[in-house]
Amino acid sequence: MPGTLRIKLQTLHHMFEPAESAYTVLLLLQKRINLGNICLPDPEAHKMTASQAFEEANVGYVAQYNLGHLPIQPSRMVVIVTCMDARLDPARILGLAEGDAIVIRNAGGRVAEEMRSLIMTQQLLGVREIVVIHHTDCGVTKFTNDVVHSRVHEALHQDISDMDFMTFSDIDASIKDDVSFLRKSPLVSTGTLINGYNYNVSTGQISLVVSITT
């Protein structure tokens, strides 16, 4: 670059908004004063991964953490089975605090996939209430077993044709099916209250679909 360019930082305040990053400032300088081809750093090279962001956030969490006294048994004696969809935050939706409830999540919130955990919550922790929550616009309603089987075969060259992804098309019907599955299961304790809800991702509201006691 011909010549020497010296710009005092205090003279930049009238050229750029305070919120502009140093990288943006360099880009604007390059354009406004024709500095030619400056070798600028690639912003993607310094972008945090999700895991790195989690680690950084955890530092702040640890600094104010005061919940080490909580027991393993949930205070409300309830287990919730719901979908893994990122739009669902069971704690906010249901008004839960740490230690209140056990929350189990999977694709679609299907209970048959979680019998191991449900048995443990009842037999080892004494839980006697189960809440099943499925939701509108669920991803599991948008494909079939055949679609996933084919995708895995093409991408990974593996045959998983015997794997059931428990897809469904009717939300309320899937909730009733799961509650019925639990009611009929000999592995669910007698006297267990089971409520099935449909969560609306557009409004944030839960609606009771079915309620039974085993």
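Excluded from the calculations below are hydrogen atoms, water molecules and symmetry mates; all remaining heavy atoms, backbone and side chain alike, are included.
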Over 12 non-hydrogen atoms of neighbours within 6.0 angstrom of CE in M115: yes

Considering all heavy atoms, the nearest C83-C138 contact: SG-SG, 4.1 Å

Test item: R128 side-chain N/O and Q122 main-chain N/O as donor-acceptor pair under 3.5 Å: yes

V62-L67 co-clustered via ILVMFWY side chain contacts under 4.5 Å: no

CE on M84 to CZ on R87, rounded to 0.5 Å: 11.5 Å

Spatial distance of atom CD (E114) from atom OG1 (T82) [nearest 0.5 Å]: 11.0 Å

Neighbour count above 12 (heavy atom, 6.0 Å) for K184 NZ: no

Donor-acceptor contact below 3.5 Å, side chain Q64 vs main chain Y61: yes

Side-chain heavy atoms of N195 within contact of V132, under 4.5 Å: no

CE on M77 to CG on L193, rounded to 0.5 Å: 13.0 Å

Main-chain N/O of G99 paired to R76 side chain as donor or acceptor, under 3.5 Å: no

Non-hydrogen side-chain atoms of R110 and F181 separated by less than 4.5 Å: no

Contact check, side chains of V188 and L118, non-hydrogen atoms, under 4.5 Å: no

Flag side-chain contact, heavy atom, 4.5 Å: E113 against V81: no

Heavy-atom side-chain proximity of I93 to Y199 below 4.5 angstrom: yes

Q52 CD: over 12 foreign heavy atoms closer than 6.0 Å: yes

Minimum heavy-atom distance between I80 and A101, given as atom pair plus value: CD1-CB, 4.0 Å

L208 atom CG, neighbour heavy-atom count above 12 within 6.0 Å: yes

Nearest atoms (heavy-atom pairs only) where S117 meets I104: CB-CD1, 3.6 Å

Student check: side-chain heavy atoms of V79 and V131 closer than 4.5 Å: no

More than 12 heavy atoms from other groups under 6.0 Å of CZ on F143: yes

Nearest heavy-atom neighbours spanning L96 and P90: CD1-O, 4.0 Å

Distance (rounded to the nearest 0.5 Å) between S202 OG and D137 CG: 7.0 Å

Working for side-chain contact (heavy atoms from CB on, under 4.5 Å), residues M166 and S174: CA-CA 10 Å; M166 303 181 190; S174 71; over 6 Å; no

In one Ile/Leu/Val/Met/Phe/Trp/Tyr side-chain cluster, 4.5 Å: L125, V78: no

Linked, directly or transitively: V111 and I130 (ILVMFWY side chains, under 4.5 Å): yes

Check against side-chain contact (heavy atoms from CB on, under 4.5 Å), I160 and F165: CA-CA 10 Å; I160 58 167; F165 285 86; 3.8 Å; yes

D100 CG to S75 OG distance, which is reported to the nearest 0.5 Å: 4.0 Å

Side-chain donor/acceptor of H135 to backbone N/O of N200, under 3.5 Å: no

I212 and T214, any side-chain heavy atoms less than 4.5 Å apart: yes

Which atom of P74 lies closest to which atom of V127, heavy atoms considered: CG-CG2, 3.9 Å

D178 side chain vs I175 backbone, donor-acceptor pair below 3.5 Å: no

Neighbour count above 12 (heavy atom, 6.0 Å) for R151 CZ: no

Nearest-0.5 Å distance that lies between atom CD1 in I171 and atom NE2 in H134: 8.5 Å

Verdict with reasoning, R105 to D85, per salt bridge (Lys or Arg N to Asp or Glu O under 4.0 Å): CA-CA 9 Å; R105 305 183 68 167; D85 192 301; over 6 Å; no

Side chain to side chain donor-acceptor pair (under 3.5 Å) contacts touching residues 155-173 (sequence neighbours left out): N145-D164, D159-S161, D172-N198

Residues E129 and T192: side-chain donor-acceptor under 3.5 angstrom: no

Shared hydrophobic cluster, L187 / I194 (ILVMFWY, side-chain heavy atoms < 4.5 Å): yes

pair I133-L94: side-chain heavy atoms closer than 4.5 Å: yes

Verify same cluster id: F168, V179 (apolar side-chain graph, 4.5 Å): yes

